[in-house]
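Numbers here are sequence positions counted from 1.
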Amino acid sequence: MSALLAETRPDQPTAVVAAPRRNRKRVVIIGGGFAGIAAAHALRHADAEVVLIDRRNHHIFQPLLYQVATAVLSPAEIAAPIRQLEAKQRNISVLLAEVTGVDVASGTIEASPPGVGVRKIAFDYLVVATGMRPSYFGHDEFARYAPGLKNLSDAEAIRAKILGAFELAATTDDEAERARAMTFVLVGAGPTGVELAASLAQMVKVTLRGNFHRIDPAKASIILLDAGGRVLPTFAESVSRWVARRLTKLGVKVVTGVKVETVDEQGVVAGGNRIPSATVLWTAGVAASPIPKMLGTKTDRAGRALVDPFLKVVDASGVFVVGDAASIIQNGHPVPGVAQAAIQEGRYVGRLIAKELKGRKVERPFSYFDKGNMAVVGKNYAVLERGWLRTTGFLTWLVWAFVHILSLPQLQNRLRVQRQWLWSYFTGQRSSRLIPEPPRVTTPGPDR
Ligand SMILES: Cc1cc2nc3c(=O)[nH]c(=O)nc-3n(C[C@H](O)[C@H](O)[C@H](O)COP(=O)(O)OP(=O)(O)OC[C@H]3O[C@@H](n4cnc5c(N)ncnc54)[C@H](O)[C@@H]3O)c2cc1C
C-alpha cells in the first residue's frame, strides 16, 4: 500500500491525509495526461513527496485516438498505465481517484478513490493538469446522439457506431434507412474532424471493400460540417485550402459556414436542412474540466484558468495550472492546446517547484517553443506548419508517422503501432474492427 493511502483513516467519512513530515513537502498533481506526467517526471530528483492523481489508471496518447475510432489501432496500443511510474520514480505515489474539490485556503483537495469514500489530501504545492472535455456549446442534449472523442471509451463507442451503421445498412430493406445508415456526419473541421473524416473515407473505400454483398461501403457519404469559413482554422489559409481539396479527393463532402441547429436520433439539422444520418460525431468545441474554476481564480470562456507568466495562479501561493486547463497568452497569442505545449508547461512547473524546494528562485517565465503543427489527411498525406514553413504530401506524412511513433508512451506501443501501420499500409486492412455488444447505432423512434 502506498504511503499516501496508509495515512488515510477509513473510519472517518472524509479522512484527512495529513501533510507529510514538514521537512518533506508534498506536491499534488491532478491529471496524468501529457502535462501532469511531464511535471511528475521533472520532480523525480526533488526532495518531495509527489502524489499524482487521475480518475483513469492510464495515460492516453490522444493524437492517435481517431485511429482507434476507425479501427486502425486497438486501445492498448495508444495507452500506458500511470501506475508504472511508481516502479520508475521513488518519490511518487499514484492514486486512482476523481478529484471533486479544491480548497486553496486550507491547502487541501478532495478525492474519491473507487470504493473508499472521499479523502482530503493536504498539499504544499498543487499542479492542476486536468485537460479539456468535449463541449456542445450549451446543447448537452446532442451528446446522446453525437459522441465526442476524448478517451478510449469514446473511441470504442465511435468505432462501434460506424461499424454498426454498415451492419444496419446491409440488413435493412428500407432504402431510406439504408441511405441514413450510410451517411456519416462529423461536426467540427478542426484537426480531429479532418483526421477522422479522412481515415473513415479510406476505410470505406479500401478496408471494407468486398466485405458486404448487399451494399457497397464505398458509396457511403461522409460529410464534414463546420460553422467557420474553412477547415483547420488554426492553420494558415493556404494549408486549409490544400486540406479541403485533399478531403474532397478522398470523397469527403466539406461544408463550411453552416451551423448545426439540432442533433437527434434521425441525424442533424444544419443551416435549416435536415441530413438523415445514423452516425453523427462531435469533433467541435472543448471546455475545461470544472477543477480550474474551483481555484477561485479568473477563467476564460472555455473555463481555462488564467495564470501568470510562471503558470501560477495569482493570489494562491504554490498553485499552478498547466496544459489544456491553462490559458496562457504569449507575445499576444494564446499558447495552443496541443500536446507539446502541455509537456513543456508541465516540465517547466516541475522544474520550478524542484528549484523552489532547494531554496532557489526561478527568474525566467515560461516560454513556449513551437515545434510546429501537423495534421494527417489519409494515407500518404500530411500537412506541417511551422512559422513560415508549410509542407505537405508524402514526405510530411513520413515525418508525421516518425514523430508519432517516437512520442508514443512505452517501447512496446511503438513496436506494436509500427507493425499495425505497416500491415495496414500494405494490405489496407484494419485489425480492430470489433463491435462490442450491443451495436450502438441510433435507430429512429416509432414515429418515423
Ligand atoms: C482526439 C484528439 C486529438 C488530438 N490530436 C492532437 C495532435 O495531433 N497533436 C497535438 O499536439 N495535440 C493533439 N490533441 C491535443 C492534446 O492531446 C492535448 O493538448 C493534451 O492532451 C493536453 O494535455 P493535458 O495533460 O493538459 O490534458 P490531458 O492529456 O487531457 O490529461 C488530463 C488528465 O486529467 C485527468 N483528469 C481530469 N479531471 C480529473 C479529475 N477531476 N480528477 C482526476 N483526474 C482528472 C484525465 O483523466 C486525464 O488523464 C488532441 C486531442 C484530442 C482529444
Side-chain angles (χ1 to χ4, degrees), residues 1-22 24-41 43-44 46 48-60 75-76 79-133 150-154 156 288-296 316 318-323 325 346 350 353 409:
M1 186 187 287
S2 75
L4 178 77
L5 280 180
E7 285 178 58
T8 60
R9 282 170 286 160
D11 51 313
Q12 291 185 351
T14 320
V16 176
V17 186
R21 262 70 50 213
R22 279 293 114 186
R24 210 157 186 237
K25 304 268 190 199
R26 177 182 286 159
V27 183
V28 170
I29 301 171
I30 314 175
F34 287 102
I37 292 213
H41 186 69
L43 282 158
R44 66 197 179 282
E49 181 195 359
V50 180
V51 181
L52 178 62
I53 307 174
D54 201 299
R55 59 181 170 209
R56 293 194 295 246
N57 83 332
H58 52 274
H59 164 71
I60 301 172
I82 298 174
R83 177 148 297 289
Q84 70 188 6
L85 288 177
E86 284 202 16
K88 293 181 184 162
Q89 192 168 328
R90 287 177 66 89
N91 66 350
I92 200 167
S93 302
V94 174
L95 181 62
L96 176 69
E98 167 113 32
V99 173
T100 49
V102 180
D103 185 354
V104 170
S106 67
T108 53
I109 59 142
E110 278 186 10
S112 306
V116 195
V118 180
R119 291 282 178 275
K120 274 196 177 177
I121 299 172
F123 63 82
D124 297 290
Y125 288 93
L126 178 67
V127 182
V128 173
T130 45
M132 304 289 272
R133 53 190 175 161
K150 190 65 193 150
N151 55 43
L152 295 176
S153 323
D154 295 339
E156 286 192 297
S289 87
I291 304 291
K293 280 211 168 80
M294 296 175 191
L295 304 174
V319 180
F320 299 81
V321 186
V322 289
I353 295 172

Provide the closest heavy-atom pair for [X] versus [Y] in the form atom of the first, atom of the second, distance.
{"X": "Gly101", "Y": "Met294", "value": "CA-SD, 3.7 Å"}
{"X": "Ala325", "Y": "Gly131", "value": "CB-N, 3.9 Å"}
{"X": "Ala79", "Y": "Leu152", "value": "CB-CD1, 3.9 Å"}
{"X": "Arg26", "Y": "Ile121", "value": "NH1-CG2, 3.6 Å"}
{"X": "Ile82", "Y": "Arg56", "value": "CD1-O, 3.7 Å"}
{"X": "Arg44", "Y": "Gln89", "value": "CA-NE2, 3.3 Å"}

- Query: Yes or no on side-chain contact (heavy atoms from CB on, under 4.5 Å) for Leu126 and Leu295, after CA distance, side-chain angles and deciding distance?
  - Reply: CA-CA 10 Å; Leu126 178 67; Leu295 304 174; 4.2 Å; yes
About how many Å separate [atom2] of [Y] and [atom1] of [X], when rounded to the nearest 0.5 Å?
{"X": "Ile29", "Y": "Ile53", "atom1": "CD1", "atom2": "CD1", "answer": "9.5 Å"}
{"X": "Asn57", "Y": "Gln84", "atom1": "CG", "atom2": "CD", "answer": "10.5 Å"}
{"X": "Thr130", "Y": "Asp54", "atom1": "OG1", "atom2": "CG", "answer": "9.5 Å"}
{"X": "Arg119", "Y": "Leu95", "atom1": "CZ", "atom2": "CG", "answer": "9.5 Å"}
{"X": "Ser93", "Y": "Leu85", "atom1": "OG", "atom2": "CG", "answer": "11.0 Å"}
{"X": "Glu49", "Y": "Arg24", "atom1": "CD", "atom2": "CZ", "answer": "7.0 Å"}

Using modelled atom types and a 3.5 Å cut-off, is there a donor and acceptor pairing between side-chain atoms of [X] and backbone atoms of [Y]?
{"X": "Asn91", "Y": "Leu43", "value": "yes"}
{"X": "Arg83", "Y": "Val94", "value": "yes"}
{"X": "Asn151", "Y": "Asp154", "value": "yes"}
{"X": "His59", "Y": "Gly32", "value": "yes"}

- Query: Does the side chain of Pro290 come within less than 4.5 Å of Arg133's, by heavy atoms?
  - Reply: yes
- Query: Is any side-chain heavy atom of Thr108 less than 4.5 Å from a side-chain heavy atom of Glu110?
  - Reply: no
- Message: What verdict does the side-chain contact (heavy atoms from CB on, under 4.5 Å) test give for Phe123 and Val51, after you've listed the backbone C-alpha separation in whole Å, the side-chain angles of each residue and the deciding distance to 0.1 Å?
- Response: CA-CA 9 Å; Phe123 63 82; Val51 181; over 6 Å; no
- Stepwise, does the side-chain contact (heavy atoms from CB on, under 4.5 Å) test hold for Val99 with Val28? CA-CA 11 Å; Val99 173; Val28 170; over 6 Å; no
